[in-house]
Amino acid sequence: MQSARKPDATIIIIFGAGGDLTWRKITPAFYNLFLDGWLPDKFAVIGLDIKEMSDDQYRERLHDGIDQFSRSGKSKQEDWEKFAQLINYRKADFTNSKSYEDLSKQILEIEKTWGEKSNRIFYMAIPPAFIEPIADQLGKSDLAEDKDRARIVVEKPFGRDLTSARNLNKILCNIFNECQIYRIDHYLGKETVQNMIAFRFANALFEPIWNRNYIDHVQITVAEQVGVEHRGGYYENAGALRDMIQNHLLQLLCLVAMEPPVSFNADEVRNKKVDVLRAIRKYKSDEVNSHAVRGQYDKGWIEGKKVISYREEPGVNNNSETETFAAIKFFIDNWRWHDVPFYLRSGKRMAERISVITIQFKPVPHSAFPAESIENWHPNRLILNIQPARGIKLRFQAKKPGLKMILNPVEMDFNYDHIYSTDPPEAYETLILDVMLGDATLFMRGDQVEAAWEIIMPILDKWQIASSADFPNYVSGTWGPEEAEALIAKDGHNWIMLQAKSVEGSQMK
Ligand code: BG6
């Protein structure tokens with residue numbers, strides 16, 4: 001979100017430096033920022049983890065991660081050697097104050113050679129249970145004393161319910177000011193998601209019709225083909241509602257529904273999103289079943305390959321009641337959106353990997369055309385393709401060429417790949433650069449996270465007490481359980497058919 005300036009001198013301290021996230025996402029992101037010239041001239045990473053490793057052993061592990069996961073492909077030897085010099089590793093016990101004293105000494109030594117103080121970014125790439133003891137130790141040490149320079153980055157899941165999220169906020173806010181806390185939701189760093197703000201607020205065309213008078217309903221689909229992979233242990237205690245809806249999908253909903261911000265000040269944008277979250281209708285327990293559907297994948301086929309059911313995945317209980325799919329109908333009780341349904345769905349092992357937002361407009365109030373010309377009449381539809389296709393399409397009616405007036409839906413299509421020749425940065429690159437620059441616009445504020453949990457809690461509570469006797473209830477490689485179709489069909493709609501593989505992006509029913 002920032003303009004083109006490089007960050008000040010920075011030291012990133014990664015807790016969980018030996019973990020998967022650091023290997024797959026965080027270090028490749030740093031590496032690409034390095035290649036593109038975004039890292040400050042004075043920059044160092046200190047990786048901390050429990051394992052004994054030399055700097056060189058650690059660097060080699062990261063080298064392998066970069067070669068596998070960097071968007072710029074396999075690293076060139078010369079680039080890698082320069083980048084590797086920026087990385088240090090230390091074995092640390094996160095609960096022992098001595099580790100923090102040693103860390104402090106190392107940071108001071110680096111700053112001494114630089115001849116200046118640096119921003120200190122404490123990156124929590126660790127399971128949530130470690131956050132409290134680490135934050136506690138940081139608070140006791142002198143490491144985070146400088147409120148202008150110390151920042152903490154916290155990955156999701158941010159709590160597992162409203163109570164634990166509130167506790168976590170309390171713990172962090174005892175040590176850091178809110179403006180020092182960067183809660184990551186990586187969807188907000190995606191190029192196409194950031195573009196939603198540009199699309200909505202840099203164009204005068206749509207804003208006047210962006211409301212209940214013209215919009216019939218909104219659909220947000222985030223579908224994945226992968227199963228839980230090696231994350232069965234984590235996922236068993238999460239489920240689709242916590243893992244995807246509470247954060248990524250509700251954030252997408254906020255971007256669709258928020259009022260225009262007065263400026264791009266981080267708090268101004270986040271205030272507008274919190275307003276949306278607060279206006280979302282909270283369901284009573286007896287309303288949950290008519291507004292929310294859950295599912296769990298059975299075995300099936302993905303891309304011609306046989307895949308196992310969720311209950312057979314490693315780390316998963318063979319009677320598991322954890323949902324791998326959720327579809328929910330939300331309402332936003334405010335002036336702009338009153339009575340406009342927002343249908344959200346997300347699931348694993350679905351037919352396609354695709355994330356799409358569809359704005360379905362209302363039909364024209366009166367048709368002046370004869371019956372034979374309107375056989376193929378569809379109201380306007382705007383499709384925001386988030387991934388893998390990236391772009392925006394607008395469907396409208398046109399006259400089919402010929403001697404008769406026959407109407408036919410056609411599309412205007414903005415496709416990133418046709419317009420831009422360079423690959424956009426990965427979400428983590430954008431977000432990490434923003435942390436270094438001190439811009440929190442794309443991060444979740446404490447009250448935002450809590451407001452999102454407040455919406456989800458009645459559904460979580462209901463699902464907790466009511467058993468899901470029909471699990472598994474959808475075959476891998478399909479669009480989820482039949483009840484999800486019924487949820488939307490009872491309002492006279494259907495989930496818009498999506499095809500990620502199509503060159504043009506999503507197709508339409
Ligand atoms: C993560 C979830 O936040 O997002 C994962 O924990 C999910 O379960 C992932 O697979 C999806 O992200 P993306 O960027 O691949 O759509």
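Order of appearance sets the numbers: ligands from 1, and atoms from 1 within every ligand. Note: hydrogens, waters and symmetry copies are ignored here, and every other heavy atom, side chains too, is used.
Between Phe199 and Phe201, the distance separating the two ring centers is not shorter than 6.0 angstrom. Residues Phe342 and Phe330 keep their aromatic ring centres 6.0 Å or farther apart. Ring centroid separation for the pair Phe15 and Phe130 does not come in under the 6.0 Å cut-off. Taking the six-membered ring for Trp and the full ring otherwise, the centers of Phe34 and Phe43 sit at least 6.0 Å from each other.
Of the heavy atoms in Tyr235, none comes closer than 4.0 Å to ligand 1.
Nearest heavy-atom pair across Met436 and Arg151 is O-NH1, 2.9 Å.
Polar contact check, Ser355 against ligand 1: no nitrogen or oxygen pair lies under 3.5 Å apart.
Within ligand 1, counting atoms from 1 as listed, the ones closer than 4.0 Å to a heavy atom of Asp243 are 2 (C), 5 (C), 6 (O), 8 (O). Close approach of ligand 1 to His186 (heavy-atom distance below 4.0 Å) involves ligand atoms 1 (C), 3 (O), 4 (O), 12 (O), 13 (P), 14 (O). Near Lys156, with a cut-off below 4.0 Å to any heavy atom, the atoms of ligand 1 are 1 (C), 2 (C), 3 (O), 6 (O). Heavy-atom contacts of Lys348 reach the following atoms of ligand 1: 5 (C), 7 (C), 8 (O), 10 (O) (cutoff under 4.0 Å). Close contacts between ligand 1 and Lys190 involve ligand atoms 13 (P), 14 (O), 16 (O) [criterion: under 4.0 Å to a heavy atom].
The protein atom (non-hydrogen) at minimum distance from atom 16 (O) of ligand 1 is Tyr187 OH, 2.4 Å. From the protein, the heavy atom lying nearest to atom 5 (C) of ligand 1 is Arg231 NH1, 3.3 Å. The nearest protein atom to atom 11 (C) of ligand 1, hydrogens excluded, is given as Glu224 OE1, 3.5 Å; this is a heavy-atom distance. Among all protein heavy atoms, the one lying closest to atom 15 (O) of ligand 1 is Arg353 NH2, 4.1 Å.
By the 4.0 Å N-to-carboxylate-O rule, Arg445 lies close enough to Asp267 to be salt-bridged with it.
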side-chain hydrogen bond (donor to acceptor under 3.5 Å, both in side chains) between Asn473 and Arg294: does it pass, once the steps are laid out? CA-CA 9 Å; Asn473 62 351; Arg294 58 183 155 162; over 6 Å; no
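For the residue pair Thr324 / Tyr474, a side-chain donor-acceptor distance below 3.5 Å is found, with atom types taken as modelled.
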